[in-house]
Amino acid sequence: MGQRVAVGLKTVDVRDPYRPLRHEQQGLDYCKPARLDMLLDMPSVSCEVQLSHSWNNDDRSLNVFVKEDDKLIFHRHPVAQSTDGIRGKVGYTRGLHVWEITWAMRQRGTHAVVGVATGDSPLHSVGYTALVGSNCESWGWDLGRNKLYYDGKNQPSQTYPAYLEPHETFIVPDAFLVVLDMDEGTLSYMVDGHYLGIAYRGLKGKKLYPIVSAVWGHCEIRLRYINGLEPEPLPLMDLCRRSVRVALGKDRLNEIQSLPLPASLKSYLAYQ
């Protein structure tokens, strides 16, 4: 359960504007999708919807439980030599979905894995292991090792973010976003507003749930559903609103009410 200490590694800051991109990063895999930009510009869903997409207390290891006073958070009992997981309530088959995971760095231990899984993936294992991604029913990102695991017993892990050099490590902050696009069949992650690129492909046609696996005693992990977009083309009004908001920029969105427009249109632009 103890923290792994990396020796001789350089820490990479994803926010560094001067970091050079390797040739393979110039492709679409590292461009934030336009639909994702639009989704993140929308207001978050209501608390009621967040609860409906939160952790499933009926689909978990017996060593974890969803907290009664905050059902977006689960707590893991301090059970030695055990890796324990939990799935979200909703399995996604279509559309674009984004949720935020909040997992304190000091509560991660040696194996902290976040990803998606089918309803058949295991939720408990003896010992400390990367449970999410251990077989062909789940896809995970090990936050401490910067590794992607899928069918881990038969397939080699992959470095993520992919631009990391062997001597580099990436520190994942307490909160980050998981991006599941079931229409494209991809899973990605975002940190501090930065898109880290596609982690997995080939997910189309499956029913996938949010999942984590943890080993740290008394760790608490929060799942907050941000929003979703159905695969149908967006209405022209929504596209126009997005264009206006992009033209203003995030720092000037508070100026919408001063625009020479009818009150109803200003309210629409402000998602009111």
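We're numbering straight along the sequence, starting at 1. These figures come from a predicted structure and were not determined experimentally.
F74 does not carry R60 over the face of its six-membered ring by the limits of under 6.0 Å from the centre and within 45° of the normal.
Using a distance-only test at 3.5 Å, with no hydrogens or angles considered, no donor-acceptor pair links the side chain of T129 to the main chain of S125. At distances below 3.5 Å, at least one donor-acceptor pair connects side-chain atoms of N56 with backbone N or O atoms of D58. Not one N or O on the side chain of N57 forms a donor-acceptor pair closer than 3.5 Å with the backbone of F65. At least one donor-acceptor pair under 3.5 Å links the side chain of Y200 to the backbone N or O of G140. A donor-acceptor pair under 3.5 Å is absent between the side-chain atoms of K147 and the main chain of P156, judged by distance alone. The closest donor-acceptor contact from the side chain of S54 to the backbone of L72 lies at 3.5 Å or more, if one exists at all. A donor-acceptor contact shorter than 3.5 Å links the side chain of E168 to the backbone of E165. A distance-only check finds no donor-acceptor pair linking the side chain of R222 to the backbone of K71 [under 3.5 Å]. Remark: the backbone N or O of A117 is not paired with any side-chain donor or acceptor of S121 at under 3.5 angstrom. Side-chain N or O atoms of W55 include one that pairs as donor or acceptor with a backbone N or O of I221 at under 3.5 Å.
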Review point. After noting the C-alpha distance and the side-chain angles of V191 and H194, does the key distance pass the side chain to side chain contact (heavy atoms under 4.5 Å, CB included) rule?
Key: CA-CA 5 Å; V191 168; H194 294 265; 5.5 Å; no
Exercise for review: Take D37 and K32 through the test salt bridge (Lys or Arg N to Asp or Glu O under 4.0 Å) and record every step on the way to the result.
Suggested key: CA-CA 7 Å; D37 249 342; K32 187 193 299 183; 3.4 Å; yes
Point to revise | Evaluation steps, side chain to side chain contact (heavy atoms under 4.5 Å, CB included), between K204 and M182 | key: CA-CA 5 Å; K204 191 182 296 187; M182 292 307 297; 5.9 Å; no
Point to revise | L203 and T186: CA distance, side-chain angles, deciding distance, side chain to side chain contact (heavy atoms under 4.5 Å, CB included) verdict | key: CA-CA 6 Å; L203 306 180; T186 61; 5.9 Å; no
Practice item. With side chain to side chain contact (heavy atoms under 4.5 Å, CB included) as the test, would you mind laying out the steps for K206 and T93 before giving the verdict? Key: CA-CA 6 Å; K206 305 179 186 299; T93 59; over 6 Å; no
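The OH atom of Y209 lies 14.0 Å from the OG atom of S138; values are rounded to the nearest 0.5 Å. Note that CZ of F170 is 13.0 Å distant from OG1 of T159, once rounded to the nearest 0.5 Å. For the atom pair L248 CG and I256 CD1, the distance stands at 6.0 Å (nearest 0.5 Å). To the nearest 0.5 Å, atom NE2 of residue H111 and atom OH of residue Y149 are 6.5 Å apart. Note that CG of L40 and CG of L177 are 6.5 Å apart. Values are rounded to the nearest 0.5 Å. The structure places CE of M38 at 8.0 Å from CG of L229, a figure rounded to the nearest 0.5 Å.
Between W99 and Y92, the two ring planes are parallel [angle under 30°; tilted spans 30° to 60°].
Placement of I73 and I101 in two distinct hydrophobic clusters is found when ILVMFWY residues are connected by side-chain heavy-atom separations under 4.5 Å, directly or transitively. Hydrophobic cluster membership differs between L187 and V113, with clusters built from Ile, Leu, Val, Met, Phe, Trp and Tyr side chains linked at under 4.5 angstrom. Criterion: ILVMFWY side-chain heavy atoms under 4.5 Å apart, direct or through other members. Under it, I86 and L180 are part of a common hydrophobic cluster. Residues L148 and W103 share a hydrophobic cluster, clusters being chains of Ile/Leu/Val/Met/Phe/Trp/Tyr side chains in contact below 4.5 Å. Follow the hydrophobic side-chain contacts under 4.5 Å out from V66 and you reach V212 in the same cluster.
Judged purely by distance below 3.5 Å, without hydrogens or angles, the side chains of T118 and K207 never pair a donor atom with an acceptor atom. Using modelled atom types, one finds a donor on one side chain and an acceptor on the other under 3.5 Å when comparing T169 with N146. No hydrogens or angles considered: a donor-acceptor pair under 3.5 Å links the side chains of N63 and S82.
The number of heavy atoms from other shown groups lying within 6.0 Å of CG (L62) does not exceed 12. Residue E48 qualifies as open at atom CD: its count of foreign heavy atoms under 6.0 Å is 12 or below. Heavy-atom contacts from other residues, nucleotides or ligands closer than 6.0 Å to CG of N254 number more than 12.
The two residues G88 and L223 come nearest to each other via the heavy atoms CA-CD2, 4.4 Å. Across all their heavy atoms, R87 and G119 have their closest contact at NH2-O, 3.4 Å. Here the closest non-hydrogen pair linking A104 and D174 is CA-OD1, 3.5 Å. L39 and N227 get closest at one heavy-atom pair: CD1-O, 3.7 Å. Minimum heavy-atom separation, L265 to L261: CD2-CD2, 3.9 Å. For the pair S44 and R224, the tightest heavy-atom approach, listed with the atom from each and the gap, is OG-NH1, 3.6 Å.
The shortest side-chain heavy-atom distance between L36 and V98 falls under the 4.5 Å cut-off. The side-chain heavy atoms of V172 and R108, taken from C-beta on, include a pair separated by under 4.5 Å. Side chains of L269 and L259 form a contact here, defined as non-hydrogen atoms less than 4.5 Å apart. Using a 4.5 Å heavy-atom cutoff, the side chains of W139 and L208 are in contact. Residues L164 and P161 have side chains in contact (heavy-atom distance under 4.5 Å, counting atoms from C-beta outward). In this structure, the side chains of P122 and L131 come closer than 4.5 Å at one or more pairs of heavy atoms. Counting heavy atoms from C-beta on, the side chains of T83 and H124 never come closer than 4.5 Å.
At a threshold of 4.0 Å, the pair D70-K67 does not count as salt-bridged, since none of the basic side-chain nitrogens sits closer than that to a carboxylate oxygen. Salt-bridge formation is detected for the pair D41/R245: a Lys NZ or Arg NE/NH1/NH2 atom is positioned less than 4.0 Å from an Asp or Glu carboxylate oxygen. R94 has a carboxylate O that lies under 4.0 Å from a charged side-chain N of E232, or vice versa, which qualifies the two as a salt bridge. The pair R76-D84 meets the salt-bridge criterion, with a side-chain N (NZ, NE, NH1 or NH2) lying under 4.0 Å from an Asp/Glu carboxylate O.
For Y189, the ring pair (Phe, Tyr, Trp, His ring centres under 6.0 Å) partners are W141, Y160, not counting sequence neighbours.
Each of H97, E100, Q50 was compared with Y225 under the side chain to side chain donor-acceptor pair (under 3.5 Å) criterion, and only H97 meets it.
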